[in-house]
Structures are given as structure tokens and as C-alpha cells.
Amino acid sequence: MESCESLGIELAVPEKDRPAPCCPHGPTLLFEKVSEGGGRRFYACSACRDRKDCNFFQWEDEKVSEARQLAREEENKSKMPPFTHREHCARFNKFVSLAVHEKRFCTECQLLLLPGEQAAHSSHRLMEVTSAQLRRPSVLLRPLENKKSNAQYLFADRSAHFLLDTLVTLGFKKVLCVGTPRLHELIKLKNLEKKEEPMKSLLLDIDFRYAQFYSQGEFCHYNMFNHHFFGGEAASKVLQSFLSESAGDKVVMVADPPFGGLVKPLANSFSLISHMWKAQQNGGSTVTEMPMMWIFPYFFEPRILECLPSFRMLDYQVDYDNHPLYKHGKTGRKQSPVRLFTNITPRDIVLPKEEGYRFCFACERYVWSLNKHCSKCNMCPSKDGREWKHCLTCEKCVKPSWRHCGACGRCALPDHPCGLSKEEQGCFNCGSLKHKRKACPQKDAQRTHKYGSKTKKGKKSIFAGPIHKAKAKRKSGAARRAKKAAALSL
Ligand code: SAH
Ligand code: ZN
Ligand code: ZN
Ligand code: ZN
Ligand code: ZN
């Protein structure tokens, strides 16, 4: 079970031979609201955390009538994109052969238009597209801004180039880009330069707009929370053959999932990909796991390592172009909380000296300049980019803002509720010592306060009753993490 701690709901393990019902985003996930009286389990969308995007809800023990089942299937069908991937490819081929002034892109519909279609978009803002722009769909397309499920945060140039250069240095010839459209695009651009041997790249992403620009061998419409291929068996075969290293071409995966996503379903999908890779290796490879990089905030480290014990967190800070919190400014550099998690040997991933990283011979990895080696802990302890300090009593390094508290017998923030063990510290929500956060009566008040405007507008959350609250809590969990991230990025 995945514990979403503060959130009050957990990911549950489905019973064998009971397949999860499908929403338009493929098989749903089974959740459980944790409560004293024992939780009731329910299915909800794996990809969307907002009712606006997908309002699927079903109790685990709910009987679904045949009529409702049919209606659901109809609904799922109606949510399919207006063009198939094959149709998009045919359209693209026509599009590239158009004269320069005929190449139009509808910014409202986010669609490349063919002659004869422009009239239908006459009230929309159209723009001419150059062939250079066609090669940079991640710049042409408007980043999705759905804060809850699907915000797209694109790599800043320096991070994108760092990733690509690293993969080249490590000798990878095939890159599986999971939710990394900008890296995919950069690989294709690099191939055009014809300076080095070409690299192959396959993009798996839930954003179907990319099907307009890439062939069926270059892009699969994919949900990384349930390993679902919208293109069915044929699309999954594309991945399968991409993962074969028959010509000795080493393959690597680079994934940059939405940060609000649950760790366990992601780890599950990545494990499945690794298994697929292994099945393709005819016993030839001595490596037992597919090389992978998973980009995620550092405070998820325990969760990720719990699911994927062979992974290590690197100090490299990933920068984004359009991220409100993590962007580095023009003047000073703002620190990013986003890191690389990888099963590739850390010492092989050279972090750029000019950006302030150095090699630690004891730890055998590259570390951030402020991450000083502690001879007592025998490691470079910092996780958040600040210089941590050793506490002799706790016998470990702690965050710089922490002080050792004699009463608590541990290091903590100076204004921590003192003299109480962690267990006794009561509610993290309201500070009361009489209950824990999960049972906090003010939780609802807080939620209404935070999400009240929504409810007023009539946009109800996915869940009715107690689970409704749980879901809201889940959102506020992500919000809290984002806030924490902001606070920690000095
Ligand atoms: N930094 C990356 C983009 C990361 S944003 C880059 O510059 O290339 C997260 C990406 O994951 C987006 O491309 C988004 O479309 C995709 N995504 C979001 N939810 C997804 C899901 N459930 N399955 C697959 N891809 C998803
Ligand atoms: Zn339009
Ligand atoms: Zn130490
Ligand atoms: Zn201490
Ligand atoms: Zn409380």
C-alpha cells in the first residue's frame, strides 16, 4: 500500500482477477480512504486529479449495470481525439509539402491546418509556421497549464543540453523519453546536424498534440500512471521493438512525470518497462535492469528508493523554463528542488563544474558545492542544496536551520512544539494535542477555506462524502509540498 500520509487516502492493492474499470485514460487505480472505522475502497482516474479532467468514480464493491457499462464505453469513445495518429501522420506529410504562406497553425485548437480548413477557424488566431518551428513542437505548442494533473514544465536549455550530453557521453544510442517532449525534440535536432552518429528517440506522453509532429515509430500516446497505450497492442509493440538492443545500441529511459503524481504507480510502470527491456535482451546483457533516469523533487527520495532500491539521487538541479517556483532568475540563481534519480552508477554522471558541482572521492559521486563531505557521517549529506551541519548528539548531519533540542532529544526547527515525542506532538494541522492530523475536526474547515471558492462556483470535487475530503486533502498535500519546495529554494 502506498501511504499518502497527510492525505488520508492510500493506494490499495487490487484483488487478483478483478480488473479495474476503465476511464478514458485507461484502467483506473484503486484507492482507499483511511479512517478509523475501516476504509471503503474506490476506483478513480490514474492520470487526473481534477474532476474537470476526468470524473470517473466507482466504489470497489459497486455493481455496474450493463446499461451504465455501455454508456461508459460510449463516453470513453467520445473522449478519443478527433484524428487518429495515422491520420495525423498523413496530414503532416501534406502539411510539409505546402507553400510557406499556406502553413498555418491554429493557436486555439493547437492544430496544424490543411488548405480548406482555415475557414472553419476564421475566428481563431492563426499563425504561419516555419519549418524551424515545425521541428520544435515543444515551443510551438502552448504548455498545458492544468495545475493539478497535467502542467507541462519544459526543461531550460542548460538542463536539456546537460541531459543530452550526458546520454551521449554514456554511449546510449536509444532514448525512451517518457513525458520529456523537449528532450525528444532535441535529440531529433541533434541528428539533423549529422556531426555524430544519430540517436533514436521514442516519446511516450499523454499529450496527444504531439502526434501531429511525430510518426508512429517516434511517439506513442501513453499514460505513465497505468502503463496504458491508447493505441493498443500496436503501440505497445512499438515500445517493445524500441527496447531491443539487437544492433548493440544501448537504450536508456528518461522520465519527467508531473510532480503531483503518486510515486508507486510510476515506479510500477517503469518496472514494467524494465521487464519489457529485459525480455528483449536474449540473455545477452549482463546488466539486470534497464538504465533509467527519473526526474522528481528531492523530498520524494525516500518514497522512490523504497519502490526502486537500485536508484540513487544525484545532486544535479534540474531547471525549467516556465516553472513559477523553480526557474532561476537573471541575476542570482534560484535553486531548484528537482533532482535526477537513477540506477546508473553515480560516478559516471559528470555534473558540470562551471555550474558549481565537484567530485567527492569518498562518496564517488559529483555533488553540489555547498554539499560538504562530513567525515563523521562519511558522506555528503545535503539533500536540499544547503550546507548541512553535523550534530554530535544526533550523530548525523541535519538541516542548517535545525537546532538540537535537549528536551526532545533530537534536532528540530527552533519553534517546534517542544518536549513532546514525535508521536505526542499531536495534530500537524491545528496543533491540538488531543488528536492526530487524520482525525482533525478542523481539516474540513481548512479545506473549505482553501477550496471554498471552487465549491461556490459549483465545481464539485470528484468525491462525495468523506472521500471527497480525502481527495481535496491529496491536492492540498501537493500544494503543501510545492510550498515547502518554494521555502527551501533559497
Ligand atoms: N521537462 C519535460 C516536460 C515535463 S512536464 C520536457 O521539457 O520535455 C510533464 C510531461 O509529462 C508533459 O509532457 C506531460 O504531457 C506528460 N504527462 C503528464 N501526465 C502524464 C501521464 N499520465 N502519462 C504520460 N505523460 C504524462
Ligand atoms: Zn481553430
Ligand atoms: Zn555528519
Ligand atoms: Zn541533534
Ligand atoms: Zn487538528
Side-chain angles (χ1 to χ4, degrees), residues 23 25-26 29 45-49 53-54 82 104-113 117-127 136-139 141 143-146 148-157 159-161 163-164 175 177-187 201 203-210 219-230 254-262 265-266 269 293-296 318-323 326 336 338 371-382 387-398 411:
C23 71
H25 306 90
L29 297 179
C45 179
S46 63
C48 309
R49 293 178 302 142
D53 305 313
C54 183
R104 295 287 175 85
F105 176 73
C106 177
T107 57
E108 252 120 295
C109 306
Q110 296 281 294
L111 185 69
L112 298 172
L113 301 180
E117 290 177 349
Q118 298 187 4
H121 300 259
S122 58
S123 64
H124 299 168
R125 203 172 72 77
L126 306 186
M127 62 179 269
R136 299 224 55 189
S138 82
V139 180
L141 297 170
L144 299 177
E145 274 178 348
N146 183 326
K148 278 147 214 148
S149 352
N150 211 351
Q152 284 176 319
Y153 297 121
L154 298 160
F155 294 132
D157 278 345
S159 285
H161 283 106
L163 284 170
L164 183 52
V175 186
C177 293
V178 182
T180 52
R182 185 154 275 181
L183 181 62
H184 178 65
E185 170 183 303
L186 205 63
I187 292 170
S201 178
L203 173 63
L204 307 184
D205 202 289
I206 204 163
D207 184 355
F208 195 63
R209 296 175 304 171
Y210 282 99
F219 171 75
C220 297
H221 190 200
Y222 173 79
N223 180 353
M224 62 170 112
F225 289 104
N226 56 6
H227 192 59
H228 175 68
F229 287 85
F230 295 84
V254 182
D256 190 5
F259 301 151
L262 292 170
L266 290 169
S269 297
M293 290 187 183
W294 173 351
I295 296 163
F296 228 50
V318 180
D319 283 323
Y320 294 87
D321 261 355
N322 58 336
H323 203 293
Y326 313 151
S336 159
V338 186
N371 194 0
K372 302 273 163 59
H373 191 85
C374 170
S375 56
K376 298 185 190 76
C377 297
N378 195 28
M379 62 164 177
C380 293
S382 174
E387 185 176 346
W388 287 22
K389 57 179 191 359
H390 192 85
C391 169
L392 288 169
T393 321
C394 294
E395 297 182 309
K396 63 174 184 187
C397 282
V398 295
C411 280

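Just so you know, these numbers come straight off a predicted model, no measurement behind them. What's counted below: heavy atoms across the whole structure, side chains too, no hydrogens, waters or symmetry copies. Indexing begins at 1, ligand by ligand and atom by atom, following the structure's order.
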(request) Kindly say whether Ala47 contributes a backbone atom to a donor-acceptor pair with the side chain of Asp53 at under 3.5 angstrom? (result) no

(request) List every atom of ligand 1 that sits less than 4.0 Å from any heavy atom of Arg182, numbering the atoms from 1 in the order shown and giving each element. (result) 6 (C), 7 (O), 8 (O)

(request) Taking all heavy atoms of Glu185 and all of Ser138, pick out the closest pair and write down the distance. (result) OE1-N, 2.7 Å

(message) To the closest 0.5 Å, what do you measure between CD1 (Ile206) and CZ (Phe225)?
(response) 8.5 Å

(request) Could you note down all residue pairs passing side chain to side chain donor-acceptor pair (under 3.5 Å) where residues 389-398 supplies at least one of them, sequence neighbours left out? (result) none

(request) Give, for atom NZ of Lys372 and atom CH2 of Trp388, the distance between the pair rounded to the nearest 0.5 Å. (result) 15.0 Å

(request) With the Zn ion (ligand 2) as the centre, enumerate protein N/O/S atoms below 2.8 Å in chain and residue order. (result) Cys106 SG, Cys109 SG, His121 ND1, His124 ND1

(message) Geometry only, no angles: is Met224 polar-contacting ligand 1 at N/O separations under 3.5 Å?
(response) yes

(message) Please compare Asp205, Asp256, Asp321 and report which has the shortest non-hydrogen distance to atom 1 (N) of ligand 1.
(response) Asp256

(request) Output the list of atoms in ligand 1 that are nearer than 4.0 Å to some heavy atom of Phe225, sorted by atom number. (result) 22 (N)

(message) Check whether Asn371 reaches the backbone of Ser382 with its side chain - one donor and one acceptor, N or O, closer than 3.5 Å.
(response) yes

(request) Indicate, as side chain, backbone, both or neither, the part of Phe155 found under 4.0 angstrom from ligand 1 when only non-hydrogen atoms are considered. (result) both

(request) Give a yes or no answer on whether the side chain of Asp319 reaches the backbone of Ala156 with a donor-acceptor pair at less than 3.5 Å. (result) no

(request) Tell me whether the centres of the aromatic rings in Tyr320 and Phe155 are closer together than 6.0 Å. (result) yes

(message) Let me confirm one number: the CZ-CG distance from Phe296 to Leu266, rounded to the nearest 0.5 Å.
(response) 5.5 Å

(request) Just jot down the ligand 1 atoms closer than 4.0 angstrom to any heavy atom of Tyr222, in number order. (result) 23 (N), 24 (C)

(message) Can you tell whether the side chains of Asp321 and Arg182 come within less than 4.0 Å, N to carboxylate O?
(response) yes

(message) Show the atoms of ligand 1 that are less than 4.0 angstrom away from any heavy atom in Asp207.
(response) 15 (O)

(message) Distance under 4.0 Å to a non-hydrogen atom of Tyr320: what atoms of ligand 1 satisfy this?
(response) 1 (N)

(request) Any atoms of ligand 1 less than 4.0 Å from a non-hydrogen atom of Tyr153? List them with their elements. (result) 1 (N), 2 (C), 3 (C), 4 (C), 5 (S), 7 (O)

(message) Out of all atoms in ligand 1, which are within 4.0 Å of some heavy atom of Pro258? Include the element for each.
(response) 18 (C), 19 (N)

(message) Just verifying a value: how many Å separate Ser46 OG and Leu29 CG, rounded to the nearest 0.5 Å?
(response) 5.0 Å

(message) What protein N/O/S atoms are there under 2.8 Å from the Zn ion (ligand 3), waters excluded?
(response) Cys374 SG, Cys377 SG, His390 ND1, Cys397 SG

(message) For the OG1 atom of Thr107 and the CZ atom of Arg125, what is their distance to the nearest 0.5 Å?
(response) 4.5 Å

(message) Quick check: closest heavy atoms across Ser269 and Met224, and the distance to 0.1 Å?
(response) OG-O, 2.8 Å

(message) Glu108: which residues meet the salt bridge (charged side-chain N to carboxylate O under 4.0 Å, His left out) condition with it, sequence neighbours left out?
(response) none

(message) Using a 4.0 Å cutoff against the non-hydrogen atoms of Asn223, which atoms of ligand 1 qualify?
(response) 21 (C), 22 (N), 23 (N)

(message) Which option wins on minimum heavy-atom distance to atom 25 (N) of ligand 1: Leu266, Asp319, Ile206, Thr180?
(response) Ile206

(message) Distance check, rounded to the nearest 0.5 Å: Ile295 atom CD1 versus Phe259 atom CZ?
(response) 8.0 Å

